[in-house]
Structures are given as C-alpha cells and as structure tokens.
Amino acid sequence: MKHQVKLILRLLLLTIIGYGVYKVVVSYSNKKEIEVNIQELPNGQFISLSNEVVNLHDYKGKPILIIYFHPECEHCQYEAQALRLNREALINTQLLMITNDNSFEQVNLFAENYKLWDLEAIDILIDKRDVFYKTFGTSMVPSVFIYDSKRQLQNKYLGETKPEAIMASLP
C-alpha cells in the first residue's frame, strides 16, 4: 500500500512538472511568433470613441506611432503631455493611442485634459477584447510601437519612455 502511494505521488509530481514545462514551451513559442508577426503592422480591430470599428490595416501612407496606455497610469499621463509638447515632430505621423479602459467618458476626459485633440492625426481607440495583448504580446502600459510608412516595425518600447527617444525613432 505504501509503495502504491509513493508511486502515485511520483506520477502526480511528474505530471505537474510535465505540464509546467509544456506551458513554458507554449508561452515561449507564442512570444516568438508574436515577435515575428509584429515586424510588419499586424491587423487588429478596436473601437473608436465614436463607437466605430477601426482596423489597423486601414492606416496607410504615413508612419504610425502606437501607444498602449491607461488613463490612470501616471507614466501614460507623462507621455501624453510630452506628445502634445512635441506635436510638431508628429505632423507627418499617424498617432494611435489604444487603451483597454472601457469607459468612453474617462478616455475622452483623458484626451481633453492632455489636449490630445490638438494633435494633427490622432485616433484614440478602445480595446474591448484584449486584442492588443493577443496581437502585440504585451499589456504593459505604456507600450510604444513605431512603424514606418511601409508598415515595418522601426522600434518598440515597453514602459515609460523619454519623449526624445520616441521622437528620434520616428521615420
């Protein structure tokens, strides 16, 4: 009886370890696949503040600066302020700010407080279904992805990034 219990515990332990290894391998494989997929602007559907469906593939002809943010994030607030202050550098760039905050009012208030509507080409989008995480592989705010006019990834930053670095990375 004692021998059978030890055998069952060993098998259970091996099963748990095997499952853990499997999850790590799958996670690593998914991250590698996402890294390859984001080298060219991937498609993703988001909701505009006017409640319309917007596809990333609809944006063409200009460099694209994508910022994943949350209105309550202090680092995101800093970056929003810096964007407005550097608006001249963004004249030829399409700016997409994407958030998973489902409160249209809160997101609109954020845009108004930081005068984001003063920027030439900006769209603020809502991510209701975690499309950003599934597509870009991160939910860290702020996250910045910079694409050239040919939709090729030029740079990405995870976490707060100095505006100078973002502006220097723009094509």
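If you read the sequence from its start, that first residue is 1, and numbering goes on from there.
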Least distance between heavy atoms, [X] atom then [Y] atom:
| X | Y | answer |
| --- | --- | --- |
| D118 | R84 | OD2-CD, 4.4 Å |
| G44 | V131 | CA-CG1, 4.0 Å |
| F104 | S48 | CE2-O, 3.3 Å |
| S143 | L158 | OG-CD2, 3.5 Å |
| A121 | Q94 | O-NE2, 3.4 Å |
| D148 | Q154 | OD2-NE2, 3.0 Å |

Between N43 (side chain only) and H57 (backbone N and O only), is there a donor and an acceptor less than 3.5 Å apart?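 Yes; at least one donor-acceptor contact below 3.5 Å.
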Quick one, E35 with K156, criterion salt bridge (Lys or Arg N to Asp or Glu O under 4.0 Å). Give me CA distance, side-chain angles, the key distance, then yes/no. CA-CA 11 Å; E35 280 298 316; K156 76 175 183 177; 2.4 Å; yes
Do S139 and Y68 have side-chain N/O donor and acceptor atoms under 3.5 Å apart?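 No, Y68 and S139 have no side-chain donor paired with an acceptor closer than 3.5 Å.
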Between D127 and Y133, a side-chain donor and acceptor under 3.5 Å: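 Note: D127 and Y133 side chains miss the donor-acceptor criterion.
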Supply the atom-to-atom distance [X] [atom1] to [Y] [atom2], rounded to the nearest 0.5 angstrom.
| X | Y | atom1 | atom2 | result |
| --- | --- | --- | --- | --- |
| R10 | T15 | CZ | OG1 | 14.0 Å |
| T138 | F132 | OG1 | CZ | 7.0 Å |
| L56 | L125 | CG | CG | 7.5 Å |
| I66 | I98 | CD1 | CD1 | 5.5 Å |
| M97 | I124 | CE | CD1 | 6.0 Å |
| L116 | I122 | CG | CD1 | 4.5 Å |

Residue pair [X] / [Y], side-chain heavy-atom distance below 4.5 Å:
| X | Y | value |
| --- | --- | --- |
| D123 | V54 | no |
| P71 | T99 | yes |
| P142 | E79 | yes |
| V53 | I47 | yes |
| M167 | L83 | yes |
| I67 | L96 | no |

Could you go through the side chain to side chain contact (heavy atoms under 4.5 Å, CB included) check for E160 and E74 one step at a time? CA-CA 9 Å; E160 183 177 345; E74 289 181 23; over 6 Å; no
Spell out, yes or no, whether V107 and V144 are grouped together once hydrophobic residues are joined by side-chain heavy atoms under 4.5 Å, including indirect joins.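 Per the 4.5 Å side-chain linkage, V107 and V144 are co-clustered.
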For side-chain hydrogen bond (donor to acceptor under 3.5 Å, both in side chains), just list the numbers for E72 and Q106, CA-CA rounded to whole Å, side-chain angles, deciding distance to a tenth of an Å, and then say yes or no. CA-CA 9 Å; E72 295 175 358; Q106 185 172 346; 3.0 Å; yes
Show your reasoning for whether side chain to side chain contact (heavy atoms under 4.5 Å, CB included) applies to Q152 and Y147. CA-CA 5 Å; Q152 299 300 308; Y147 288 88; 5.6 Å; no
Y114 vs F110 aromatic rings, parallel, tilted or perpendicular, using cut-offs 30° and 60°?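 Geometry flag for F110 against Y114: tilted rings.
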